[in-house]
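Taking it in order: structure first as structure tokens, then the write-up.
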Amino acid sequence: MNPSFSAEILFPPAEKPAWAPLVSRWHQLDGASFALVEAYTSWKQSLQTPSLIFLASEGASNEADADFVKTGAKSPSKMIHTLPSTRSSPLCQAMGWSGPVLCVQKDPHTFETALKEAQEMVGTEYPVVWVLGASPIHSEGTLKKYRVELVQLLEKPKTNFTFPVPVSLLSEALPHRAPMLWVDEVLWINDTQGECRVRLKPGKHFLDANGAVRISSLIEWTAQSYGFVKACQVLSRGGNANPYEQNYLAAFNDFSFQENAASVLQDSSEALVRIEILKELGPLTLIEGQVVAQGEVLASGRLKVYCA
Amino acid sequence: MISLIGYGCSSSAGIGVSHFWESLQSGISRAALPNTQSWPVQPSPTPKICSWDLETKKSGAQQTLVTQLSAAWDKARSTVDFNPADLGVIFASTKGNVEDFIWTDSPPRSDPLTPVLKAFLEVHSLRPTKSICVSNACASTHGAIFLAANWLRSRKVKSVLVLAADFIGPFVVNGFQSLKALSKDSARPFSGDRDGLTLGDGAAALLFAAHHQNKDAFQIEGIAIDNEGYAVTRPSQEGESLGRIYDRLRVAGQPVDLVIAHGTGTIENDKIEDRALTRAFQSADQRPVVTATKWCTGHTLGASGALDLIAAAEALKRQEVFGIGTSRQIDSDFQMDYALQTASRSIERVLVNSLGFGGAHAALVMNRL
């Protein structure tokens, strides 16, 4: 069991916090540092002492950087918060703890990426690993609200699949059902990419009456590949493979096909579809896809996928 | 244990390791005053900053960083048989491309490091299995190597490219100026009259693999990082955090011939390094000699640990110690032995310190087969 915690913290506080005596110059903390300490203090009875902490905040210290610049880039008390890693200092003070802290960034997937790294590292050497992040979510006048998240990892997540993963194990991920499931396997994934295999066998619904692949199907292969890669990413982090109620192709831009695509596929037993997640903006995800057979790129381009 | 199998760098000393090493040997600081007239905020008084190619800075922080990293990577790649399959890439930096957007009204859409990493990967057509950015203040490179070691140990990848760079612009310079951390003229690490640090652009590329028997490879025997809960603005006065790191690395139980100290030239940094080293080696049969690089290239922030690692590798390869060129008289309170001039020396094991703002400390031990 890897418990997770979430809190929304207002800053500046209405009154002096109970933990103030533990943190040097607590009144000079920036909002994110304050929120981290405040949230930790409310959760600490439920937490174990970490052996490693990943500090992973979307937007790094952009807000503190802007605050420093607003002072004419002169204020030392603002300057000290312009490194996202310095947030570990007040936290360590409040915890009475010292140890390894890794401050990592990979926006817009910073927290997820850190979580994956932490899952790989938790074990004998690091029996308790925290992934912790604080980011501003709302401001009204001088009052700001921060979301703080913490996942405490005590064991590696149990995944019941190894690559290649047949899509039958991921059937919850997409609304499609056979015979409209056109992708066969997920070959590999990482934080932002993945690759799937499409077997070119008689009877598949992407073939026309002559047994040739309808070239427009390559767009659907790419969209389905994204769905299954995303499902593997979510499962590998210990989540539910079906995080969305709606999931469909919203648009495609500059998706181009090689002239010889049909003839190459005619002589192929399989095609490989590689996708890369370029940007996630709310429910819309922009991906780049590439369809390859016999070592040749047959189609490539960008798709927008709607997930909500 | 992991191996450093290739490396390259660019800094105020020039592009390539040989320029860097020659500058360290020469005892001459490569500091140069930049043209700050186009900056949105003028630092006052204007500090001394090392800048190796001011022309490239006109194109913006991200482009400059990618250019510098590319120069370093091209040099590293030329020394090693590089296989891009099963590659991990980690970008270590403190502020990345922050200068590109922080002076404008448009809010940034991302942290300032990830776009630089993405741009580098695109330029070099690299599609790594894993990639991430590490921002552990000025100890970022050590943080990246700490993570790289775990990737290689768990066999998630076969090699890891650690890229390290920072851009010295008005945000960074004014930041250090606001803290009164900059020297009036030149950084003089461990000197009795030291008065602060100088800043410098720098970039480095380090390629690591799982344990290599190649005679040209260097072994990272151990690496440890520690963040202390003392104060955001200053480290604990006896260097307790470094002490914990040395205990974890067991430096007291093994001969160390050379220490590349973080050695910024600030009062506090140099004092706590001397105290922690003195404690760690108080019962050693032969104490290591201590040197540093920042007097020469300026403090390159997130890249400084990478440049220090390269200096350590070259010292191991050449069996030579470079001196702290700008320091004439070591602080009389200090107990360690400091190198002030270049000298031949038998070196089997090097300790490389790295200290960051906000209590981020790290060190590693490196040897050569």
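In what follows, chains carry the letters A, B, and so on, assigned in the order in which the sequence lines appear, proteins first and then strands, with residues in each chain numbered from 1. Treat the numbers as computed from the prediction; the structure is a model and nothing was measured.
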Check your understanding: With a 4.5 angstrom heavy-atom cut-off, which part of A:Glu58 approaches chain B: side chain, backbone, both or neither?
Key -> neither
**Study point:** Part of A:Glu63 within contact of chain B (heavy atom distance under 4.5 Å)
**Key:** neither
**Study point:** Interface moiety of A:Ser77 toward chain B, non-hydrogen atoms closer than 4.5 Å
**Key:** neither
Revision key, fill the gap. With chain A, the option among B:Ser241, B:Gly96, B:Gly359, B:Ser110 that has the most non-hydrogen atom pairs under 4.5 Å is B:Ser110
Practice item. Evaluate the side-chain contact (heavy atoms from CB on, under 4.5 Å) criterion for residues A:Thr49 and A:Val128: first the C-alpha distance (whole Å), next the side-chain angles of each, then the deciding distance (0.1 Å), finally the verdict. Key: CA-CA 7 Å; A:Thr49 304; A:Val128 181; over 6 Å; no
Practice item. Tell me the residues of residues 80-90 of chain A whose non-hydrogen atoms fall below 4.5 Å from those of chain B, in number order. Key: A:Ile80, A:Thr82, A:Leu83, A:Pro84, A:Ser85, A:Thr86, A:Ser88, A:Ser89, A:Pro90
Exercise for review: Among the options B:Ala144, B:Ala231, B:Gly143, B:Ala139, pick out the one with the most heavy-atom pairs lying under 4.5 Å from chain A.
Suggested key: B:Ala231
Review point. Can you list every ring-ring contact (aromatic ring centres under 6.0 Å, His included) pair that touches residues 131-155 of chain B, not counting sequence neighbours?
Key: none
Review point. Counting distance only, does the side-chain N/O of A:Thr41 pair as donor-acceptor with the main-chain N or O of A:Val37 below 3.5 Å?
Key: yes
Point to revise | Which atoms of A:Leu281 approach chain B - backbone, side chain, both or neither, heavy atom under 4.5 Å | key: neither
Check your understanding: Aromatic rings A:Tyr146 and A:Phe11: how do their planes relate, parallel, tilted or perpendicular, breaks at 30° and 60°?
Key -> perpendicular
**Study point:** Segment of A:Ile53 engaging chain B (4.5 angstrom heavy-atom cut-off)
**Key:** neither
Review point. Relative to chain B, which segment of A:Gln28 carries a heavy atom at a distance below 4.5 Å: side chain, backbone, both, or neither?
Key: neither
Practice item. Please flag which part of B:Ala360 lies under 4.5 Å from any non-hydrogen atom of chain A: side chain, backbone, both or neither. Key: neither
Study note, to complete from the structure: In terms of heavy-atom contacts, A:Val104 and A:Ala114 come closest through CG2-CB, 3.6 Å
Exercise for review: Output yes when a side-chain donor or acceptor of B:Glu268 lies under 3.5 Å from a complementary backbone atom of B:Pro235, and no otherwise.
Suggested key: no
Check your understanding: Quick one: which residues of residues 91-100 of chain A reach chain B at under 4.5 angstrom, heavy atoms only?
Key -> A:Cys92, A:Gln93, A:Trp97, A:Ser98, A:Gly99, A:Pro100
Revision key, fill the gap. Residues A:Asp107 and A:Ala60: closest non-hydrogen pair is OD2-N, 4.5 Å
Check your understanding: Is there side-chain contact between A:Leu47 and A:Trp130, with at least one heavy-atom pair below 4.5 Å?
Key -> yes
Review point. Just wondering, do A:Val129 and A:Gln119 contact through their side chains at under 4.5 Å, heavy atoms?
Key: no
Exercise for review: Would you check, one step at a time, whether the test side-chain contact (heavy atoms from CB on, under 4.5 Å) holds for A:Trp188 with B:Thr129?
Suggested key: CA-CA 10 Å; A:Trp188 58 265; B:Thr129 307; over 6 Å; no
Point to revise | N/O donor-acceptor pair under 3.5 Å between B:Asp166 side chain and B:Thr94 backbone | key: yes
Check your understanding: Can you list the steps and then say if B:Gln62 with B:Glu99 is a side-chain hydrogen bond (donor to acceptor under 3.5 Å, both in side chains)?
Key -> CA-CA 9 Å; B:Gln62 179 162 315; B:Glu99 304 277 7; over 6 Å; no
Practice item. Just give me the residue among B:Arg244, B:His361, B:Lys180 that pairs up with chain A most often, heavy atom to heavy atom, under 4.5 Å. Key: B:Arg244
**Study point:** Interchain contact, B:Val232 with chain A, by part (heavy-atom threshold 4.5 Å)
**Key:** both
Review point. Should the ring pair B:Trp103 and B:Phe171 be called parallel, tilted or perpendicular, given that the plane angle runs from 0 to 90° and is split at 30 and 60?
Key: perpendicular
Point to revise | B:Pro170 versus B:Asn174, closest heavy-atom pair with distance | key: O-ND2, 2.7 Å
Exercise for review: For the residue pair B:Tyr246 and B:Asp226, confirm or rule out a side-chain donor-acceptor distance under 3.5 Å.
Suggested key: no
Check your understanding: Most heavy-atom pairs under 4.5 angstrom with chain A, which of B:Phe176, B:Phe101, B:Phe91, B:Phe357?
Key -> B:Phe357
Revision key, fill the gap. Heavy-atom nearest pair, A:Cys103 first then B:Asn136, reads N-OD1, 2.7 Å
Exercise for review: Answer with side chain, backbone, both or neither: which region of B:Asn150 has an atom nearer than 4.5 Å to a non-hydrogen atom of chain A?
Suggested key: side chain
Review point. Please walk me through it: do B:Ile102 and B:Lys95 pass side-chain contact (heavy atoms from CB on, under 4.5 Å)?
Key: CA-CA 11 Å; B:Ile102 201 64; B:Lys95 295 309 301 175; over 6 Å; no
Study note, to complete from the structure: What one should report as the nearest heavy-atom pair of B:Leu249 and B:Val365 is CD1-CG2, 4.2 Å
Exercise for review: State whether the side chain of B:Glu273 and the backbone N or O of B:His262 hold a donor-acceptor pair below 3.5 Å, judged by distance alone.
Suggested key: yes
Check your understanding: Are any side-chain N or O atoms of B:Glu228 and backbone N or O atoms of B:Ser236, one a donor and one an acceptor, separated by less than 3.5 Å?
Key -> yes
Study note, to complete from the structure: chain B shares the most heavy-atom pairs under 4.5 Å, among A:Leu29, A:Asn190, A:Leu55, A:Thr113, with A:Asn190
Exercise for review: Compare every heavy atom of B:Asn83 with every heavy atom of B:Ser159, then report the nearest pair and how far apart it is.
Suggested key: OG-O, 4.1 Å
Practice item. Sort by residue number and list every member of residues 111-122 of chain B having a non-hydrogen atom under 4.5 Å from chain A. Key: B:Asp111, B:Pro112, B:Thr114, B:Lys118
Study note, to complete from the structure: In terms of heavy-atom pairs under 4.5 Å with chain A, the winner among B:Ser135, B:Gly356, B:Gly358, B:Pro128 is B:Ser135
Exercise for review: Return the option, out of A:Ala73, A:Gly59, A:Ser24, A:Ser75, with the maximum number of heavy-atom pairs under 4.5 Å with chain B.
Suggested key: A:Ala73
